[in-house]
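Taking it in order: structure first as structure tokens, then the write-up.
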Amino acid sequence: MEHRLRTISVVVSAMAISCTAQIVHAQYRVGVASTVITPQMSIWMSGYGSRDKPSQSVVQDLYTKALAIEDADGNRAVFLTSDIIGLTAILSDSVAARVSEKTGLPRSAILMTASHTHTGPVVGENLRTMYDLPREEWENIRSYTHDLEDKMVSVILSALENLEPARLERGNGTAGFAMNRRLFVPAQVAMRDNPIGTVDHDVPVLKVTDPQGKRKAILFGYACHNTTLSDYGICGDYAGYAQEYLQEQHPGVTALFFAGCGADANPSPRTGLEYAQQHGRELSQAVETVLNGPMTPVDGTIRTAFSNVNLPLTAAPTREELQKQLEDKNRFIRNRAKYLLETLEQNGSIPEQHPCPVQVWGIGKDFLIVALGGEVVSDYSLLFKYQFGKDRTWVAGYANDTPAYIPTIRLLREGGYEVEDSMIYYGLHGPWKPEIEPILTEEVNRLAKEVQQGG
Ligand SMILES: [Zn+2]
């Protein structure tokens, strides 16, 4: 009897699904656009301080891509992805201001992310104290960043100009190559594979189809440093390959990648092109598995919220301490001291806090996208998924700005690269104060409440 009841209920729900499928009409209008942002000249590459010359070749083109969504009430939002190391606040604010001026879109409705490839160009002032470059290299970077800004604006505008009826579905897959990179060895945390460390292996996927069911775009993410490669060839690394393979598999479809909170994870194994392609293959197959399985329809109103929170740093160094650091044997510490002394000269003080953007989107009742600035560690994405529901919550890092690594209280206590040494390359004295965790989580909660009100 019990078995028969179960059979009936399965049949009934299958009928409900097929009826729903017939009457579903496109609730949204979606536009997609993509443009190449590969540097046209040899340029200094970002992410590693040890490089001693600019790029030598182009292994794979880099792209910036925009997915614009409009709901039935005319609310619009744009998700921008880029194969770059990271955004700066100057760049994303400028892109957003230009887009807002042309379209009336509020800042909160423009979400910009980066893939964090370490085989792309230096972007603006990102990681400013990692490089000690001659004037002509900085000129190249300035000119590249200027062009990048124009391309980001035009790709967003073109996605907004091409809105067509579409359906959205979301799902969640998994890929296993992200490896925690904080290994506890005597007296320190070493940057080495830690198979039992915290990691987020989720692969969030959003599928966009036209009313006839033809695929149009795939937005997906993964929480892992995009650092399989470390050489002198421009390349999107595993994220670039995952997008390339998906587009090959689905001609005419635009695949867009965003980085999650993988600041404490590296791809494993690394280093080398073969591994970048292997991880790209694994990630694209994880996306395929989601696309081929049952996905959850997305429906309802788009609500967006954005703010900047000030994150506190420990007490700033004195002028004397910085002058002493100018003699340090580590050239990156000398670079940072020089930069902070210039700041002191110009502003009369060194800031003991730094802004970090927080953005939250709610699409209908059941879909929440949290996007944080900075290199955010996996604790945050696990926390927000636990808090708001694992299946309905996406968490992006590297969003809108990359002021530094964003550790939790746990990591601040433990120490290691993500807490201490990385601050040198970001030109901040640091480390952060433990209060950054409650400040960020409370702000995410506040914004999440704002976008979920009314469902
Ligand atoms: Zn990084």
Side-chain angles (χ1 to χ4, degrees), residues 44-51 62 81-89 91 112-131 177-183 189-194 197-200 221-231 235-240 257-268 270-271 276 279 311 332 336 354 356-357 371-381 395-408 411-412 415-428 430-432 436:
W44 209 267
M45 297 168 77
S46 189
Y48 300 108
S50 54
R51 284 200 179 94
L62 307 179
T81 64
S82 300
D83 301 320
I84 54 169
I85 187 86
L87 292 138
T88 63
L91 175 61
M112 289 171 260
T113 63
S115 76
H116 202 45
T117 178
H118 281 47
T119 38
V122 176
V123 174
E125 300 266 295
N126 174 261
L127 289 163
R128 56 170 72 81
T129 40
M130 183 177 266
Y131 322 105
F177 64 86
M179 170 75 76
N180 183 284
R181 65 178 203 186
R182 292 168 49 80
L183 187 70
V189 181
M191 196 192 281
R192 293 217 297 270
D193 283 5
N194 178 0
T198 312
V199 79
D200 175 6
Y222 194 54
C224 179
H225 256 88
N226 205 1
T227 48
T228 329
L229 302 170
S230 56
D231 54 17
C235 185
D237 206 297
Y238 76 77
F257 172 87
F258 69 92
C261 302
D264 47 353
N266 265 336
S268 178
R270 62 198 281 252
T271 306
H279 300 322
L311 301 181
F332 302 111
R336 177 177 64 177
H354 197 88
C356 180
L372 299 174
E375 301 210 37
V376 187
V377 299
S378 53
D379 279 356
Y380 283 101
S381 89
V395 192
Y398 304 91
N400 302 299
D401 187 16
T402 330
Y405 276 74
I406 307 293
T408 48
L411 268 76
L412 284 165
Y417 176 81
E418 293 80 2
V419 172
E420 286 144 9
D421 289 357
S422 61
M423 297 299 258
I424 302 169
Y425 306 113
Y426 276 105
L428 294 175
W432 298 107
I436 69 163

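Predicted model only: the values in this text are computed from it and were never measured. First listed ligand is number 1; within each ligand, the first listed atom is number 1.
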Report task. Taking salt bridge (Lys or Arg N to Asp or Glu O under 4.0 Å) as the test, write out the residues that go with D200, two or more places apart. Result -> K385
Query - Interatomic spacing from CZ in R270 to OG1 in T228 - rounded to 0.5 Å - result: 7.5 Å
Query - Aromatic ring proximity Y425/F332, centre distance under 6.0 Å - result: yes
Report task. For the Zn ion (ligand 1), decide whether H118 has an N, O or S atom at a distance under 2.8 Å. Result -> no
Requested in this report: Could you please compute the angle at the Zn ion (ligand 1) from NE2 of H116 to NE2 of H225, rounded to 10°?
Outcome: 100°
Query - For the Zn ion (ligand 1), the closest N/O/S atom belonging to E375 - result: OE1
Query raised in the report: Residues two or more places apart in sequence or in another chain: which of them pass salt bridge (Lys or Arg N to Asp or Glu O under 4.0 Å) with D379?
Result: R410
